A.B. asks: 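Starting off with a structure, shown below.
No experiment lies behind these values; they were computed from the predicted model shown. Remember, it's 1-based here, ligands and their atoms both numbered in the order they're listed.
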Amino acid sequence: MENEVTMEKITNVCKQYGFIFQGSEIYGGLANTWDYGPLGSRIKNNVKDAWRKRFIQENDNSYELDAAILMHPRVWEASGHVGGFSDPLVDCKECKTRHRADHLIEGFTSDVVPDLMSDEEMIKYIRDNNIPCPNCGKSNYTDIREFSLMFETHRGVIKDDKSVVYLRPENAQGEYVNFLNVQRTMRAKVPFGIGQIGKAFRNEITPGNFTFRTIEFEQMEHQLFCKPGTDLEIYEHYKEYAKKFFTDLGLPEDKLRYHDHDKLVFYASAACDIEYKYPFGYGELNGTHDRTDYDLSQHQEFSTKSQEYLDPETNEKYIPYVVESTVGCDRLVLALLCEAYEEEKLEDGSVREVMHLNPFVAPYKVAVLPLVKKYHTDKAKEIYKELSKHFMCSYDETGNIGKRYRRQDVIGTPFCITIDDNTLNENKITVRDRDTMEQVTLKIDELVDYISEKVIF
Ligand code: ATP
C-alpha cells in the first residue's frame, strides 16, 4: 500500500527530522542502541511526565523514587536474576543469524505456547516443523543455548568475582529494597505505591526492530504494596488503568490487546501484557504482574532484615503482596510515533507528512512564524519570548509560509501562529491547527489560555 506506515519509513523520518539517530553512528553504529535527538528527547520527557502524572500524581498514596542503577550483587541473587535471567537462543547454521527459539515458534504458530516448553521441546518442535529462518528461509539450527541477559561490570581496582556488579536489568528491585524506607518516611499506609522511571540494561543480541528491543532502555514502573487477599482486585484495576493511559495518549483501542500469561513463574498469581500492533506485528508495551510476597520475602531472607509491615489499625504484621505495572518508555514512544505518522493525500493530489501526536506529547506546542521576515520579525521574537515562558516553542522565519507549516506538521507541532500586519496593527494573530489545518484569529493576550487548554493531559 502506497501510504502504509512501515518501520523503515518511521526509522527514516525519525532520523531525517531529528527524533532518533543510530547510536554511535559515525563509528558504524552499535547494534540495538539509539540516541534520542532534540525532538525525540522532548517526546520521551513528555511521555515520562504523562506517566508520572497518572501513576504518581493522580494515583492515591503513590511516591516516586530514583534509586541507584548499580545495586548490591546480593540483590540480584535474591531476585533470581543471577543464573536465571536468560534467553533461549539458536543460530541459523546457514546464514549465521541468531534468533530466540520462543520467538521463532510464536511467529510460526499459536497452537503451542513456548513459555510452557523446555529447551529440548522447543528445538524438537522447530526441527519437526521445519520452521524457516526469518533471514534466509532455510531450517537448519544449532541446539538452544541459554544466554544471560545481565550486563556485568567491576568496581574497584581488582577484577575478580568479589568486584562484580551488574547494570540493573529492571527497576523494580530499587522499589522493593526501599519499601520500608518509603513507608516509614512518608508515613504510608498499605496499600501504597512506589514508582520509578529509570534506565535498565539487557544484553539483547537478537534483532531489535528499531527502538522496540534495545540493550539500554527506560522503564516506568509502579509497584503497589497491598494486603494479601486484596491483590487480585488491584491487579485487575492496573490492567485497565494502564490501557486507559495508552488510549488517552492516542493509541486506538483496536490496536491494543491483552495477553494473559498461560505459564506463570512459580510465585506469581497472575500476569498479563498489553500489546500494541506495531507495523511489524503485535509487541509488548507493558506488563501487569501479581508478584505475591515473593520479592519482599526474598529480600528478607537474603538481607536478614525484616520486611514486615505493621498494620497500625489491626496490629497485624505481614509481608505485603506486590502488584507491578511496568511500561517500556521507549516502546511507548515508538508506538506513539507509528500511530501518529501519516502521509496524508490532499485534495490537490499532493502528500502532506504529518505527526498527529497528542499535543501533550508533541516536542513543540507552538511554532511562531513571522509572515514576512523584513516586517514581522521583531514582533514575532517578542511573542516567541513571551510564549516560551509557558511552552516549548519553535521559531522559523525561513522559506515560504506553506513550507514552514509542512515542517511543523511532520514534527508534530499542534499549533502554528503567524505574525502579520494584523498583529502589528490590531494585536491579532492567526492560529493554525496541525490536524485540521483550520485557522482561527485571536487576540495576542488570549493565546496562552487558548493553547494551555489544548495541551493538557
Ligand atoms: P520481552 O518479552 O519483549 O523481552 P519482557 O517480558 O522481558 O519483554 P519485562 O521484563 O516485563 O519485559 O520488562 C518490562 C517492560 O520493559 C516491557 O513491557 C517492555 O515495555 C520494556 N522492555 C523490556 N525489554 C526491553 C528492551 N530490550 N528494549 C526496550 N524495552 C524493553
Side-chain angles (χ1 to χ4, degrees), residues 20 23 30-36 40 44 47-48 51 55 76 79-81 84-89 99-107 113-115 146-151 167-176 195-223 235 238-239 242-243 245-246 249 251 256-265 268 270-276 278 280-291 295 322-338:
I20 302 171
L30 177 67
N32 293 352
T33 66
W34 298 92
D35 296 338
Y36 287 80
K44 218 172 165 191
V47 165
K48 288 191 251 182
W51 181 89
F55 283 82
W76 305 110
S79 70
H81 283 83
F85 190 48
S86 57
D87 278 343
L89 294 183
H99 306 276
R100 268 174 68 170
D102 51 338
H103 286 177
L104 287 177
I105 298 174
E106 274 163 6
V113 182
D115 278 0
E146 287 293 335
F147 186 84
S148 172
L149 289 163
M150 296 265 276
F151 273 113
L167 297 187
R168 68 179 176 204
E170 63 174 26
N171 286 356
Q173 302 305 324
E175 287 110 276
Y176 302 146
Q196 176 167 220
I197 299 176
K199 289 237 167 165
F201 303 82
R202 294 183 189 175
N203 197 2
E204 304 266 12
I205 51 171
T206 53
N209 268 325
F210 196 25
T211 54
F212 181 80
R213 187 173 300 286
T214 53
I215 57 177
E216 177 183 336
F217 53 97
E218 273 185 285
Q219 293 181 316
M220 306 186 289
E221 292 202 326
H222 185 269
Q223 316 290 327
Y235 166 80
Y238 274 97
K239 270 173 72 173
K243 192 162 174 208
F245 175 58
F246 298 141
L249 280 173
L251 300 182
L256 293 169
R257 70 178 187 196
Y258 287 121
H259 170 214
D260 288 301
H261 288 210
D262 296 311
K263 181 188 169 194
L264 297 170
V265 276
C272 175
D273 303 331
I274 295 176
E275 299 178 335
Y276 167 74
Y278 292 93
F280 57 80
Y282 276 100
E284 174 181 334
L285 203 53
N286 111 306
T288 309
H289 309 125
D290 182 341
R291 304 180 57 95
D295 306 282
V322 170
V323 175
E324 170 182 68
S325 174
T326 166
V327 184
C329 183
D330 308 79
R331 289 189 185 179
L332 179 52
V333 169
L334 179 62
L336 293 171
L337 287 168
C338 292

A.B. asks: Does Glu175 reach the side chain of Asp295, with side-chain heavy atoms less than 4.5 Å apart?
C.D. replies: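 Side chain of Glu175 against side chain of Asp295, heavy atoms only: no contact under 4.5 Å found.
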A.B. asks: Looking at atom 21 (C) of ligand 1, what's its closest protein heavy atom, distance included?
C.D. replies: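 Nearest protein contact, heavy atoms only, for atom 21 (C) of ligand 1 is Gly328 CA, 3.7 Å.
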A.B. asks: Applying a 4.0 Å heavy-atom criterion (strictly less than), which segment of Thr214 is in contact with ligand 1: side chain, backbone, both, or neither?
C.D. replies: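 Both parts.
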A.B. asks: Would you call the rings of Trp51 and Phe55 parallel, tilted or perpendicular, taking 30° and 60° as the class edges?
C.D. replies: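 The arrangement is parallel - the two ring planes meet at less than 30°.
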A.B. asks: Return the residue, atom name and 0.1 Å-rounded distance of the protein heavy atom closest to atom 19 (C) of ligand 1.
C.D. replies: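 Protein heavy atom at minimum distance: Arg331 NH1, 3.5 Å.
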A.B. asks: Among Glu170, Arg168, Arg213, Glu216, which residue satisfies the side chain to side chain contact (heavy atoms under 4.5 Å, CB included) criterion with Arg202?
C.D. replies: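 Output: one option passes, namely Glu170.
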A.B. asks: Give me the nearest non-hydrogen protein atom to atom 23 (C) of ligand 1 as residue plus atom name, then the distance to 0.1 Å.
C.D. replies: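 Minimum-distance protein heavy atom for atom 23 (C) of ligand 1 reads Arg202 NH1, 3.5 Å.
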A.B. asks: Determine, step by step, whether His222 and Tyr238 satisfy the ring-ring contact (aromatic ring centres under 6.0 Å, His included) criterion, reporting the C-alpha distance in whole Å, the side-chain angles of both residues, the deciding distance to 0.1 Å, and the verdict.
C.D. replies: CA-CA 10 Å; His222 185 269; Tyr238 274 97; 5.4 Å; yes
A.B. asks: Ligand 1 and His289, any nitrogen or oxygen pair closer than 3.5 angstrom?
C.D. replies: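 Checking ligand 1 against His289, no N or O pair falls under 3.5 Å apart.
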A.B. asks: Where does Glu170 meet ligand 1, judged by heavy-atom distances below 4.0 Å: at the side chain, the backbone, both, or neither?
C.D. replies: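 No part of Glu170 is near ligand 1 at this cut-off.
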A.B. asks: Glu221 and Gln196: side-chain donor and acceptor closer than 3.5 Å?
C.D. replies: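 Judged by distance alone, the side chains do not pair up.
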A.B. asks: Would you check whether Thr211 has a nitrogen or oxygen atom less than 3.5 angstrom from a nitrogen or oxygen atom of ligand 1?
C.D. replies: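 No, Thr211 has no N/O under 3.5 Å of an N/O on ligand 1.
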A.B. asks: Tell me which part of Gln219 gets within contact of ligand 1: side chain, backbone, both or neither, using heavy atoms under 4.0 Å.
C.D. replies: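 For Gln219, the contact with ligand 1 is made by the side chain alone.
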A.B. asks: Could you work out, with side-chain contact (heavy atoms from CB on, under 4.5 Å) as the rule, every residue matching Phe147, not counting sequence neighbours?
C.D. replies: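 Phe147 satisfies side-chain contact (heavy atoms from CB on, under 4.5 Å) with Leu89, Asn203, Ile205 once adjacent residues are dropped.
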A.B. asks: Do Asp330 side-chain atoms and Glu218 backbone N/O form a donor-acceptor pair below 3.5 Å?
C.D. replies: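 At least one qualifying donor-acceptor pair exists.
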A.B. asks: Among all protein heavy atoms, pick the one closest to atom 4 (O) of ligand 1 and tell me residue, atom and distance.
C.D. replies: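 The closest one turns out to be Arg213 NH1, 2.8 Å.
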A.B. asks: List every atom of ligand 1 that sits less than 4.0 Å from any heavy atom of Asn286, numbering the atoms from 1 in the order shown and giving each element.
C.D. replies: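 Every atom of ligand 1 under 4.0 Å from some heavy atom of Asn286: 18 (O).
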A.B. asks: Report the residue from Arg331, Lys243, Arg257 that forms a salt bridge (Lys or Arg N to Asp or Glu O under 4.0 Å) with Glu275.
C.D. replies: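 The passing option is Arg257.
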A.B. asks: Strictly distance-based, threshold 3.5 Å: is any side-chain N or O of Asp273 a donor or acceptor partner for the main-chain N or O of Glu284?
C.D. replies: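 No, Asp273 side chain to Glu284 backbone: no donor-acceptor pair under 3.5 Å.
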A.B. asks: Could you identify the single nearest non-hydrogen protein atom to atom 15 (C) of ligand 1 and state the distance to 0.1 Å?
C.D. replies: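 Sorting protein heavy atoms by distance from atom 15 (C) of ligand 1 puts Thr326 OG1, 3.7 Å first.
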A.B. asks: Any idea which atoms of ligand 1 are less than 4.0 Å away from a heavy-atom of Arg100?
C.D. replies: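 Those atoms are 4 (O).
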A.B. asks: Got a sec, which residues hit ring pair (Phe, Tyr, Trp, His ring centres under 6.0 Å) with Phe280, two or more places apart in sequence or on another chain?
C.D. replies: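 Ring pair (Phe, Tyr, Trp, His ring centres under 6.0 Å) check on Phe280 returns Phe212, Tyr278.
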A.B. asks: Can you tell me which portion of Leu285 lies within the under-4.0 Å heavy-atom range of ligand 1? Options are side chain, backbone, both, or neither.
C.D. replies: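 For Leu285, only backbone atoms sit under 4.0 Å from ligand 1.
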A.B. asks: Report the nearest protein non-hydrogen atom to atom 29 (C) of ligand 1: residue, atom name, distance rounded to 0.1 Å.
C.D. replies: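 In this structure, atom 29 (C) of ligand 1 has Phe212 O, 3.2 Å as its nearest protein heavy atom.
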A.B. asks: Give the residue, atom name and distance (to 0.1 Å) of the protein heavy atom nearest atom 6 (O) of ligand 1.
C.D. replies: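 Going atom by atom, the protein heavy atom closest to atom 6 (O) of ligand 1 ends up being Glu284 OE1, 3.1 Å.
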A.B. asks: Among all protein heavy atoms in this structure, tell me which lies nearest to atom 22 (N) of ligand 1, with the distance rounded to 0.1 Å.
C.D. replies: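 Of the protein heavy atoms, Phe217 CE1, 3.5 Å lies nearest.
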